[in-house]
Amino acid sequence: MESGNVLLASSAALQMRSGGARNNSTLVCAPVMADSVDKMVTNMDKAKREGADLVEIRLDSLKSFDPYEDLKTLIKECPLPTLVTYRPTWEGGQYDGDEKTRLDALRLAMEFGADYIDVELQVAHEFNDSIYGKKPEKFKLIVSSHNYLDTPSVEDLGNLVARIQATGADIVKIATTALEIIDVARVFQITVHSQVPIIAMVMGERGFLSRILSPKFGGFLTFGTIESGVVSAPGQPSMKDLLYLYNFRHIGPDTKVFGIIGKPVHHSKSPILYNEAFKSAGFNGVYVPLLVDDVSTFLQTYSSSDFAGFSCTIPHKEAALKCCDEVDPVAKSIGAVNCIVRRPSDGKLFGCNTDYVGAISAIEDGLRGSHNISNTANSPLAGKLFVVIGAGGAGKALAYGAKEKGARVVIANRTYDRARELSDIVGGDALSLADLENFHPEDGMILANTTSIGMQPKVDETPIPKHALRYYSLVFDAVYTPKMTRLLREAEESGAIIVTGLEMFIGQAYEQFERFTGLPAPKELFRKIMAKY
Ligand code: NAP
């Protein structure tokens, strides 16, 4: 087997061919899956335009395939180095023919100049023996193993890598399945200690992290799709997201990892905001969505200084507070944190709540008729009747914040006991959600929805009937996907001032950015980015 250095040198050559400055040697590969050779050739050109380093030709996706003619065309026409894969059904692919035909086609691909061939561990010895002494100089054999059920222990993964190495593989590829996000940590451990070039991916939404952070841990290659939704394995990001959203070329061993902990989390706009802001500030960080089931085991698993800070969203803000070593007193009163920072000096976790500042400032600005974040002593909320729908993390932040500003607070919640509990803490009143419709002791009240009612995909839902909105002078909705919820639309039609969740989002993000980076937040950039949504 050739040494890792030789392989990295060959990666560098590939990178030179693909062009562009970069801070890591991890290749970006576009899987090309199509039912015809013509479509594949079109997609290869697109892969090059989008910035891929190489293309994976998935022969098993072709409807009809003439090995001699089609391989000659595909390899000759490809504007990028090629990785040829002919995945059988028994390893998760689409080819269900005989093995001899399949392996003959792969050998032919090598003879026609494919840069890489991927063969499955089960047939790797046989395949490698058959090409012994015939391998072109630049050619590399990838031997792969796919586990669609789970991610084994570190020990078992280590043994798997050793078995793959023993076949004479130039490059090891392991793909496992994440049942929980903590599974990915084991694959990072294997990647970082691998003595051979390794492609290590964890499939599924919970494994997404493995694809983005591959260069941080020294992975040889990651996959990025050129057609949204057309993936060769579950959880693959698009090429555009890899390169432009996650700034993949700039991720290296020293890059600090930040992310949003939530469930669900795919709708979050935070990765767009923070990654763009990191780039503009020249800060060496990457911000990723983290689909977390249990926040405590997540924080225990990703406990190194590499994982420097987290935003927290549904449903983890309260559980996250209990995991912090130190909590800001305001967050403690609210009972929820939405921002966790790892202190560089001792690695301890510090939790705080920036939702409170973001939401209340946005509502005050709405009442003042301005969109400049300001903190004047006299709040326009003083003396107002402030109705909060919801008693979760955001509800607590709004209730506590409104009370601080001198408002009279009423909490309406689906689970009445939680409304009661919160209203007792802040010194207000409680309602059940069902009673909200007929609650109108006075005109000119403020309404703040802090539940996820109306959030995508259930955009037709609203927490309160339209006719009941005429008693409110301002309506705020914490939901920001979509920006204009049904609640806000109907409130505007009823003559109320409306304040979107986007304003709260921008407000809370200012403070998180400063806590994460120690740098002043690029406020104008935040507004510009979020104006697109
Ligand atoms: P959370 O802690 O899980 O609380 C959710 C609250 O919503 C609870 O009071 C829950 O009532 C209620 N709820 C959930 N589904 C409901 C339904 N179908 N019908 C009635 N009530 C329901 O969540 P969170 O962190 O506070 O977040 C809540 C919302 O605020 C989310 O949409 C989130 O995206 C948004 N948010 C926005 C920003 C921003 O910057 N714009 C910041 C933070 C949060 P029960 O007590 O009865 O379960």
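In listed order, ligands and their atoms are each counted from 1. Note: hydrogens, waters and symmetry copies are ignored here, and every other heavy atom, side chains too, is used.
For atom 46 (O) of ligand 1, the nearest non-hydrogen atom of the protein is R418 NH1, 2.7 Å. Protein heavy atom at the shortest distance from atom 40 (O) of ligand 1 is F505 CA, 3.1 Å. The nearest protein atom to atom 34 (O) of ligand 1, hydrogens excluded, is given as M455 SD, 4.0 Å; this is a heavy-atom distance. Atom 31 (C) of ligand 1 has I314 CD1, 3.2 Å as its closest protein atom, hydrogens excluded (heavy atom only). In this structure, atom 45 (P) of ligand 1 lies nearest to the protein heavy atom T415 OG1, 3.5 Å. From the protein, the heavy atom lying nearest to atom 28 (C) of ligand 1 is T450 O, 2.9 Å. Of the protein's non-hydrogen atoms, M504 CE, 3.4 Å is the one closest to atom 42 (C) of ligand 1. From the protein, the heavy atom lying nearest to atom 11 (O) of ligand 1 is N413 OD1, 3.3 Å.
Polar contact with ligand 1: absent for L502 (N/O pair, distance under 3.5 Å). The shortest N or O to N or O distance between Y480 and ligand 1 is not under 3.5 Å. Considering backbone and side-chain atoms alike, H267 places every N or O at 3.5 Å or more from each N or O of ligand 1. By the 3.5 Å distance cut-off applied to N or O atoms, R414 is counted among the residues near ligand 1. Residue G390 has no N or O atom closer than 3.5 Å to an N or O atom of ligand 1. Remark: ligand 1 and G501 share an N or O pair separated by less than 3.5 Å (distance only, no angle test). At least one N/O-N/O distance between G393 and ligand 1 falls below 3.5 Å. For ligand 1, one of its N or O atoms has an N or O atom of A478 under 3.5 Å away.
Salt-bridge formation is not detected for the pair K396/D355: no Lys NZ or Arg NE/NH1/NH2 atom is positioned less than 4.0 Å from an Asp or Glu carboxylate oxygen. Taking a cutoff of 4.0 Å between a charged side-chain nitrogen and a carboxylate oxygen, R486 and E490 qualify as a salt bridge.
The number of heavy-atom neighbours closer than 6.0 Å to CG of D460, taken from other residues, nucleotides and ligands shown, is 12 or below. For E493, the CD atom is densely surrounded, since the number of other residues' heavy atoms within 6.0 Å is greater than 12. When the shell of 6.0 Å around NZ of K466 is examined, it contains more than 12 heavy atoms from other residues, nucleotides or ligands.
Remark: distances from the non-hydrogen atoms of G358 to ligand 1 are all 4.0 Å or more. Heavy-atom separations between E318 and ligand 1 include at least one value shorter than 4.0 Å.
For the residue pair S311/Y287, the side-chain donor-acceptor check at 3.5 Å is satisfied.
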Please walk me through it: do S379 and E364 pass side chain to side chain donor-acceptor pair (under 3.5 Å)? CA-CA 7 Å; S379 171; E364 287 179 325; 2.7 Å; yes

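Distance alone, capped at 3.5 Å, is enough to place a donor-acceptor pair between the N338 side chain and the T354 backbone.
The side chain to side chain donor-acceptor pair (under 3.5 Å) test with K216 is passed by exactly one of D306, T255, D254: D306. Under the side chain to side chain contact (heavy atoms under 4.5 Å, CB included) rule, I389 has a single partner from L433, D477, T450, which is L433.
The residue from T485, T500, I453, T451 that puts a heavy atom closest to atom 20 (C) of ligand 1 is I453.
Aromatic pair F516/F283: centroids not less than 6.0 angstrom apart.
In K317, the part holding a heavy atom less than 4.0 Å from any atom of ligand 1 is the side chain.
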